[in-house]
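If you read the sequence from its start, that first residue is 1, and numbering goes on from there. Each ligand, and each atom within it, is numbered from 1 in the order the structure gives.
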Amino acid sequence: MQDKPVDKKEILEELSKLHDLDHRYSDGRILGSMCTEAHPFAKEVYCKFLDTNLGDPGLFKGTKNIENEVIKSIGGLLSLDDACGNIVTGGTEANIMAIRAARNHARKYKGIVDGEIIIPESAHFSFKKAADMLNLKIVEAGLDENYRIDVDALKDVISDKTVAIVAIAGTTELGLIDPIEEVSKIAFENNIYFHVDAAFGGFSIPFLREMGYDLPVFDFSLPGVCSITVDPHKMGLAPIPAGGIIFRKKEYLEVMAVDSPYLTVKTQSTIVGTRLGASSAATYAIMKYFGKEGYGKLANEMMENTEFLYNGLLEMGYDVVCKPELNIVAFNHPEIETNLLAEKLEDLGWKVSVAKCPKSIRVVLMNHIKRAHLKELLEDLKEIY
Ligand code: 0PR
């Protein structure tokens, strides 16, 4: 740090030069992001609540009420009255909380000390972090030929050390929904905690289903589901950081509670101590502002763009990995190797993401990718072909 204060103007100029090195969503060139530009109204509200701290909710009673309302409202979308949980920093923290709740619950009620979690091969890497931190072993269940968790493979790996089963509603790489209903049944029959990671799909599946899209049930209407991750900072258009963790019962928060003697509350269940109220307020605002109708329209638009890209690729002769279920399209050139194709696209100014399973170029059709950008992308892919 320099000794003397620096003039604001100079600082801002310096920062803005660095900011200019960032890619902007509005260029429509970021193809692999699950985040997008937050809605201006959500940003406005976010700024108003920047100083609030939900780590000490007795001091910020109003903002704590806002968080409770947001959780109830997301719970409502997921067929749960009186939901409990928190608005956290993102899907990673939400998943860590879910797995911590499962581990502590199994330790308390089943005496499991060296537990295992079963995750599909398609699970996000946040579960690896969770397992590492919580001293749990990861057991992977293979996928079926449609890249969804293989339910028989899952049954085979259940043991008396299993503390949680995880399934995904909107996989990171392909946007697919696991057979949650079947998994829920298995978890329920075996009395095992079941967590659904809908970090990506949670803010679109409920609306798309209401609009008549043929998508499977993934929520608390299934009796085996104990918790769901739903991220407002992905399809919810809330500013980063905003993840959501919703629990079916208070008990799951209680098994994680540690004493917080000098705070305005006696215990704390979240991982983070000092935490933003702004994320809750911005999420509250944008959910009210959009309503089901607004989110439905948005999700439908994303699906129409998905269909447009999917059809365009097929028409040109590209291999599309699977029929998209949500707004992700993954594809390959019939001859050009994936990394080479990615390089060619990068050279043309596209910010590309390569999926691992199966190896392919993946495009997440977020709000910043408009029809005009897709037309340009298809033009470039035609050139390459
Ligand atoms: N669960 C699922 C299903 C996810 O897809 C992700 C993130 C997470 C959990 C973790 O969420 P947080 O990153 O909020 O902790 N999926 C993307 C990924 O890591 C997120 C992403 C966002 C990637 C923007 C790139 C990007 O530019 O792959």
Side-chain angles (χ1 to χ4, degrees), residues 22-38 74 85-100 117 119-133 138 140 143 147-149 164 166-178 180 183 195-205 218 227-246 270-272 275-276 279 282-283 302 324-328 330 342 346 350-357 359-369:
D22 294 347
H23 289 279
R24 302 290 161 113
Y25 292 117
S26 53
D27 294 340
R29 296 256 149 183
I30 301 178
L31 301 180
S33 172
M34 281 187 172
C35 293
T36 190
E37 195 169 340
I74 299 177
N86 295 99
I87 293 300
V88 294
T89 54
T92 300
E93 194 185 339
N95 286 340
I96 295 170
M97 273 184 78
I99 299 304
R100 180 164 174 244
I117 54 169
I119 61 169
E121 266 173 32
S122 54
H124 185 258
F125 52 79
S126 47
F127 291 102
K128 298 205 169 133
K129 298 181 186 175
D132 185 38
M133 285 188 252
I138 292 237
E140 277 189 344
L143 306 182
Y147 307 105
R148 291 172 179 85
I149 192 167
V166 172
I168 323 289
T171 56
T172 306
E173 295 201 325
L174 302 176
L176 298 175
I177 304 169
D178 281 325
I180 312 275
V183 178
H195 174 64
V196 175
D197 181 359
F200 180 59
F203 259 98
S204 62
I205 305 169
F218 75 105
S227 53
I228 304 183
T229 290
V230 181
D231 285 354
H233 74 194
K234 294 189 169 72
M235 288 295 287
L237 295 196
I240 299 169
I245 178 66
I246 315 290
T270 47
I271 294 164
V272 170
R275 61 192 184 91
L276 272 173
S279 305
T283 304
M302 308 297 99
E325 203 167 17
L326 295 176
N327 47 323
I328 299 184
E346 290 271 345
W350 299 99
K351 299 314 297 170
V352 177
S353 157
V354 175
K356 193 180 89 193
C357 179
K359 198 160 183 196
S360 50
I361 306 279
R362 99 191 224 286
V363 180
V364 189
L365 282 298
M366 297 299 290
N367 195 34
H368 56 270
I369 305 182

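- Compare His124, Arg362, Lys234, Lys351 by their heavy atoms: the one nearest to atom 11 (O) of ligand 1 is in Lys234.
- Residues Thr172 and His124 bring no donor and acceptor atom of their side chains to less than 3.5 Å of each other.
- Shown in contact with Asp231 at under 4.0 Å from a heavy atom are these atoms of ligand 1, numbered in order with element: 11 (O), 14 (O).
- Within the 3.5 Å criterion, the main-chain N or O of Glu140 finds no donor-acceptor partner in the side chain of Glu121.
- Ile369 and Val364 get closest at one heavy-atom pair: CD1-O, 3.3 Å.
- The closest approach between a heavy atom of His233 and any atom of ligand 1 is below 4.0 Å.
- Residue-ligand proximity, Ala199 to ligand 1, at heavy-atom distances under 4.0 Å covers atoms 1 (N), 2 (C), 9 (C).
- Ligand 1 lies within reach of Gly32, whose nearest heavy atom is under 4.0 Å from it.
- Between Asp231 and Gly91, the shortest heavy-atom contact is OD2-N, 2.9 Å.
- Atoms of ligand 1 found under 4.0 Å from any heavy atom of Gly170, numbered from 1 in the order shown, are 3 (C).
- Between Ile240 and His233, the closest heavy-atom pair is CA-ND1, 3.9 Å.
- For atom 5 (O) of ligand 1, the closest non-hydrogen atom of the protein is Thr172 OG1, 2.7 Å.
- Of the inter-residue distances, the one linking Glu37 atom CD with Ile30 atom CD1 reads 10.0 Å to the nearest 0.5 angstrom.
- The atoms of ligand 1 that sit less than 4.0 Å from any heavy atom of Asn95 are 1 (N), 9 (C).
- Residues Val272 and Val88 form no side-chain contact, since every pair of their non-hydrogen atoms from C-beta on lies 4.5 Å or further apart.
- The shortest N/O to N/O separation between Ser33 and ligand 1 falls below 3.5 Å.
- Heavy-atom distances between Pro241 and ligand 1 stay at or above 4.0 Å for every pair.
- Not counting sequence neighbours, the partners of Glu325 by the salt bridge (charged side-chain N to carboxylate O under 4.0 Å, His left out) test are Arg148.
- Counted by atom type alone, Thr270 and Asn86 present zero donor-acceptor pairs between their side chains at under 3.5 Å.
- Nearest to atom 20 (C) of ligand 1 by heavy-atom distance, out of Lys129, His23, Met34, is Met34.
- The N/O atoms of Asp197, backbone and side chain alike, include one that comes under 3.5 Å of an N/O atom in ligand 1.
- At least one N/O-N/O distance between Gly91 and ligand 1 falls below 3.5 Å.
- Ranking the protein heavy atoms by distance from atom 15 (O) of ligand 1 puts Thr92 OG1, 2.5 Å first.
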